[in-house]
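Below: the structure, in structure tokens.
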Amino acid sequence: MERRSFIKGSFALATIGLLNPILFRHGLSAAEEAIEIPYNDLLNDYLAGKKAEDGSSIMSLNIPEAPENGAVVPVEVTINHPMTADNYISNITVLTTKNKVNKAISFDLTPANGIAYLYVNVKMGQTQDVVILAKTNKGQIFKASQSVRVALGGCG
Amino acid sequence: MELRGVVKILDQTYKVGDVVKAKIIVIHKMDTGFTKDKESGKVFPRFYMKEITATYNGATVAHFDLDVATSQNPVIQFPLKVTGPGTLVVDFVNSENEKAQKTVAITPAG
């Protein structure tokens with residue numbers, strides 16, 4: 001009997017969680033609560049209805065294909081794009097695809113940066129892709145990705 | 001616990017108009033909230049570096065929003081166009097709203 005009520009209770013909790021994903025993610029969640037952020041949610045948030053253009057021709061990525069340890073994967077990106085006052089890259093975002101939380105960093109740039117470049121260390125729980133998204137001040141979005149083979153996972 | 005961080009300019013010498021790379025290292029945990037302590041089984045709460053803002057002579061030149069997919073003790077490098085002598089002020093805020101500030105002098109040669 002106890003076991004049954006426990007199962008019922010956990011189902012009820014799960015249902016509330018399913019019905020209110022936004023409430024749980026943004027409203028009530030304390031900072032210390034574990035929150036999973038799926039890759040598709042982040043991507044759709046970033047695109048906001050627009051289409052991403054293939055950025056592999058203008059972005060040069062420097063990411064190891066098989067790093068020794070998934071806990072520290074260096075990600076380096078240089079975007080070959082003008083950085084003038086009226087035409088510049090305004091944001092670079094680094095995402096992973098299969099971590100529990102997939103957002104690594106979002107970097108807001110201005111023309112004062114001179115070039116569009118970012119280096120950051122990312123952790124990866126398993127073999128997956130690193131996705132680099134870049135937005136210009138005119139709203140154009142570029143996307144490039146590279147798969148990274150991880151033998152030893154970096155997060156639980 | 002006090003936040004510890006390092007900010008430095010990677011280039012040794014540079015002139016006005018050059019693009020230099022600035023490096024930020026923060027000594028900070030990036031706990032996801034999913035990992036457990038192996039001995040006690042207690043979950044490490046979500047605790048991470050949240051925002052880093054770099055200001056060069058009063059203007060914001062870089063703003064970073066971090067989340068727990070960044071590695072522990074995050075290392076960031078970003079470009080900066082030198083427009084004259086001054087200071088680069090970097091502000092750190094973590095998920096517990098603890099703050100720290102580091103400054104580095106920008107001294108172009110010539």
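In this text the structure is predicted, and so the values were computed from the model without any measurement. Because only heavy atoms are used, hydrogens play no part in the values below, and waters and symmetry mates are left out as well, while side chains stay in.
Side-chain atoms of A:Tyr88 never come within 3.5 Å of backbone atoms of A:Leu109 as a donor-acceptor pair (strictly under, hydrogens ignored). One N or O on the side chain of A:Gln128 and one on the backbone of A:Lys98 form a donor-acceptor pair closer than 3.5 Å. A donor-acceptor contact shorter than 3.5 Å links the side chain of A:Asn99 to the backbone of A:Lys123.
With sequence neighbours excluded, the residues satisfying side-chain hydrogen bond (donor to acceptor under 3.5 Å, both in side chains) with B:Asn94 are B:His28, B:Glu98.
Proximity to chain B at a heavy-atom threshold of 4.5 Å picks out A:Thr110, A:Ala112, A:Asn113, A:Gly114, A:Ile115, A:Tyr117, A:Leu118, A:Tyr119, A:Val120, A:Asn121 from residues 110-121 of chain A, in numerical order. Near-neighbour residues of residues 78-92 of chain B relative to chain A, defined by a heavy atom under 4.5 Å from a heavy atom of that chain, comprise B:Phe78, B:Pro79, B:Leu80, B:Lys81. At a heavy-atom separation below 4.5 angstrom, chain A is approached by B:Thr60, B:Val61, B:Ala62, B:His63, B:Phe64, B:Asp65, B:Leu66, B:Asp67, B:Val68, B:Ala69, B:Thr70 within residues 59-70 of chain B.
Rounding to the nearest 0.5 Å gives a distance of 9.5 Å between CD of B:Glu51 and NZ of B:Lys99. If you take NZ on A:Lys143 and OG1 on A:Thr93, they are separated by 13.0 Å, rounding to the nearest 0.5 Å. Of the inter-residue distances, the one linking A:Lys100 atom NZ with B:Thr32 atom OG1 reads 7.0 Å to the nearest 0.5 angstrom. Considering CD1 of A:Ile132 and CD1 of A:Ile79, their distance stands at 8.0 Å, rounded to 0.5 Å. The CG atom of A:Asp86 sits 6.0 Å away from atom NZ of A:Lys138, with the distance rounded to the nearest 0.5 Å.
Using modelled atom types and a 3.5 Å distance limit, the side chains of B:Ser40 and B:Asp37 yield a donor-acceptor pair. Neither side chain, A:Asp129 nor A:Ser145, offers a donor N or O lying under 3.5 Å from an acceptor on the other.
Comparing B:Val20, B:Val19, B:Val75 by heavy-atom pairs within less than 4.5 Å of chain A, the highest count is held by B:Val75. The greatest number of non-hydrogen atom pairs below 4.5 Å with chain A, out of B:Lys21, B:Lys23, B:Met30, B:Gln77, is found for B:Gln77.
Considering all non-hydrogen atoms of both residues, A:Val130 and A:Val94 come closest at CG1-CG1, 4.0 Å.
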Under the criterion side-chain contact (heavy atoms from CB on, under 4.5 Å), I'd like the reasoning laid out for A:Ser60 against A:Val77: C-alpha separation, chi angles, the key distance, then a yes or no.
CA-CA 6 Å; A:Ser60 59; A:Val77 55; over 6 Å; no

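Geometrically, A:Lys135 engages A:Tyr46 in a cation-pi contact defined by less than 6.0 Å to the ring centre and at most 45° from the axis.
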